[in-house]
There are 2 protein chains.
Amino acid sequence: MVPRPEGPQPRPHALPQTTEDDIDAVDEQLLALLQANGRASYAELARQVGLSAPAVHERVGKLETAGVITGYTAVVDPSAVGLGVTALVGIIDSDEVDDVGMLEAMSALPQVQDCWRTAGTEGYVLKVRVTDIPALEDTINALNRVRGVSRTRTTVVLSTKWEGRHGRTE
Amino acid sequence: MVPRPEGPQPRPHALPQTTEDDIDAVDEQLLALLQANGRASYAELARQVGLSAPAVHERVGKLETAGVITGYTAVVDPSAVGLGVTALVGIIDSDEVDDVGMLEAMSALPQVQDCWRTAGTEGYVLKVRVTDIPALEDTINALNRVRGVSRTRTTVVLSTKWEGRHGRTE
DNA sequence: AATGAAATCTATGGCAA
DNA sequence: TTGCCATAGATTTCATT
């Protein structure tokens, strides 16, 4: 371990560097507002950023067509709809197999809400949400049966402290 | 391992069992529609479920006050706003320490988008999104400096296959 | 990007089943 | 209790400047 006498002062965080189509300060404001409340009206957004509603409408439209905003969604409490169990499942893939087939098999399971391709001993990590522990067992069994999956490692989530936070808490 | 000669037919998935205030079929439809498009107008929703706009308005309002719908959010492509690196960070907590303090410290880092309390060797798993690898290093350093954190284990996400899927793909 | 205007939508109170 | 109707007020979304 590299010696670390005093806590190194953290690098000043790089601000989102312009990707291509420049996102100006107003756009960033709009993104923040829409992430906080995806149903905010254009009129409301206009008030907050100090532009007219049509101007906001156009900007948001551009953010959508540019693929910056990929959609809008209602955030639903999982337990309120019977999904009481969350788990993270690491997938240890056996050998070099057809990745496409594995992805198809995993995406066929609606319980798999998130799927990340990862570096490390686990080739994928999945976030799974199911009604109860037996359903989790079913899911693990199903995943282990997928061609190319050698083993899985499941971590049960005891509680979700937060999820999908956007706020640049500064 | 319990022998299981032929692929066990998966348990028929338990449908979301009524939590308390019963969520009927129309409510489920509304939830699905709003998860797919959080900005759908009440008029549009009304068309889709075959009710009047006021009726839909009332139902959605109830779902909100009941805490089933906890909010609405725009889905933003992270890389479009400069967040090019995603990682999952497992937190191995040292001993029995003040959990509240740890949570506060972790939530003070806006890069930590998700935070799950987990069973297993890792007491927490975090999903972190940052601009680049140096920023990831900073984050790992910051997390390791948190009182109560003994060690961290970071898994870099190579690509996000999907995230926040709701669709009961049936 | 602002203005103004027409079409649409929201949201409430009252009424019916 | 739940949904529908009517309506006043907002909002969206043009065309124009």
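Note that these values count all heavy atoms, side chains included, but never hydrogens, waters or copies made by symmetry. Naming: A, B, ... by sequence-line order, numbering from 1 per chain.
Pairing each heavy atom of Val130(A) with each of Ala135(A), the nearest pair is CB-CB, 3.7 Å. Annotation for Val156(B) and Leu136(B): closest pair CG2-CD2, 4.1 Å, computed over non-hydrogen atoms. The heavy-atom pair separating Asp77(A) from Gly67(B) by the smallest distance is CB-O, 3.4 Å.
Interatomic distance, Leu34(A) CG to Leu45(A) CG, rounded to the nearest 0.5 Å: 5.0 Å. Distance CZ/Arg117(B) to CE/Met102(B): 7.5 Å, rounded to 0.5 Å. To the nearest 0.5 Å, the span separating CD1 on Ile23(A) from CD on Gln29(A) amounts to 13.5 Å.
Formation of a donor-acceptor pair under 3.5 Å by the Ser150(B) side chain with backbone atoms of Asp93(B) is not found in this model.
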* Structure fact -> Given protein heavy atoms under 4.0 Å, the one-letter contact record of nucleotides 2-7 of chain D, with B base, S sugar-phosphate only and - none, is simply SSSBB-
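Classification of Glu122(B) and Arg153(A) as a salt-bridged pair fails, no side-chain N sitting under 4.0 Å from a carboxylate O. Ion pairing between a basic and an acidic side chain is recognised when a charged N comes within 4.0 Å of a carboxylate O; Glu163(B) and Lys127(B) show such pairing.
Put simply, His57(A) has a side-chain N or O that comes within less than 4.0 Å of OP1 or OP2 on dT13(D).
Looking at Gln113(B) and Leu83(B), their side chains come closer than 4.5 Å, going by heavy atoms from C-beta outward.
One interatomic measurement links the two molecules: CD of Glu64(A) to C1' of dT13(D), which rounds to 14 Å at whole-angstrom precision.
At a non-hydrogen distance threshold of 4.0 Å, Ser41(B), Tyr42(B), Ala43(B), Arg47(B) from residues 38-47 of chain B come into contact with DNA chain C. Within residues 30-37 of chain A, no residue approaches DNA chain D, by heavy-atom distance under 4.0 Å.
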